[in-house]
Amino acid sequence: MKAKLLLLFVFLIGCCMPACIPSFKLNGSALDYTVYKTIRVGEFPIRAALVYAPLQQTFENNLQDYIQRNTRLQLTDSSSDLEIEGEITGYALSPQAVTEDAYASKTRLTITVRVKYTDNRKDTNNIDQSFSAYRDFDATELLVDVQDQLCEEISKELVDLIFNATLGNW
């Protein structure tokens with residue numbers, strides 16, 4: 001009798017399980033590829049008071065690479081279903097972690113990017129927003145020594161934030 005009840009229980013569980021299986025998209029995007037096929041990534045000129053020229057190219061390359069790796073959208077230079085453009089509006093250094101002798105032991109590099117995301121299929125998805133990210137480095141280090149690495153790390157974080165707010169549709 002116990003064996004029959006156990007078998008019935010296992011059978012019922014097996015019948016109910018397919019209805020409970022969650023569905024995940026592993027690419028991180030929430031796009032309907034029957035509607036969206038192309039994307040145009042515009043330039044992001046530097047409009048900050050402090051300028052580090054390689055930052056523009058680093059940021060644009062990271063953004064394009066991330067979109068290509070995580071979506072099936074085709075990059076285009078002409079009219080497209082989706083468009084991302086903007087400008088780098090902030091590149092700032094600020095002292096952090098002031099010590100007892102009133103000197104900063106850390107310096108913070110903050111980069112701010114203003115993004116205009118246009119969905120040419122559905123206007124309600126359009127976004128015009130600023131994103132910021134930062135990294136701290138030891139105040140004994142010179143910015144020129146750590147600048148490339150910091151800009152790469154910050155750019156990747158900004159790209160992730162931008163992707164989640166636009167194409168990821170979180």
Residues that [X] engages under salt bridge (charged side-chain N to carboxylate O under 4.0 Å, His left out), provided they are two or more places apart:
X: E141; answer: none
X: D136; answer: R108
X: D160; answer: none
X: D128; answer: R114

If you count the non-hydrogen atoms of other residues, nucleotides and ligands that lie under 6.0 Å from CG in D77, is the total more than 12?
-> no
Considering residues, nucleotides and ligands other than Q74, do more than 12 of their heavy atoms fall under 6.0 Å from its CD?
-> no
Sorted by chain and number, sequence neighbours left out, side-chain hydrogen bond (donor to acceptor under 3.5 Å, both in side chains) with N61 holds for Q57
Residue pairs passing the salt bridge (Lys or Arg N to Asp or Glu O under 4.0 Å) test where at least one lies in residues 44-66, sequence neighbours excluded | R47-E87
Which pairs pass ring-ring contact (aromatic ring centres under 6.0 Å, His included) with one or both residues in [range], sequence neighbours excluded?
range: residues 91-127; answer: none
range: residues 63-86; answer: Y66-F163
range: residues 119-145; answer: none

Please check if the side chain of T107 supplies one atom and the backbone of S94 the other of a donor-acceptor pair under 3.5 Å.
-> no
Check side-chain contact (heavy atoms from CB on, under 4.5 Å) between [X] and all other residues, then give those that pass, not counting sequence neighbours.
X: T58; answer: N62, E152, S155
X: D148; answer: Y52
X: K116; answer: E85, T118

Show your working on side-chain contact (heavy atoms from CB on, under 4.5 Å) between I39 and L167 and close with a plain yes or no.
-> CA-CA 10 Å; I39 187 167; L167 301 169; 4.0 Å; yes
Flag the pair I88 / T112 as yes when at least one side-chain heavy-atom distance between them is below 4.5 Å, and no otherwise.
-> no
Taking the side chain as every heavy atom from C-beta outward, state whether S130 and V115 have any pair of such atoms under 4.5 Å apart.
-> no
For side-chain contact (heavy atoms from CB on, under 4.5 Å), just list the numbers for N120 and D81, CA-CA rounded to whole Å, side-chain angles, deciding distance to a tenth of an Å, and then say yes or no.
-> CA-CA 5 Å; N120 292 319; D81 301 322; 5.7 Å; no
In Å, rounded to the nearest 0.5 Å, how long is the span from OG1 of T166 to CG of L82?
-> 8.5 Å
Should F59 and I162 be marked as a side-chain contact (heavy atoms from CB on, under 4.5 Å) after you check the CA-CA gap, both sets of side-chain angles, and the distance that decides it?
-> CA-CA 11 Å; F59 177 77; I162 292 165; 3.6 Å; yes
Are [X] and [Y] connected in the hydrophobic side-chain network, where two residues link if heavy atoms are under 4.5 Å apart?
X: L31; Y: L75; answer: yes
X: I84; Y: V35; answer: yes
X: L142; Y: L150; answer: no

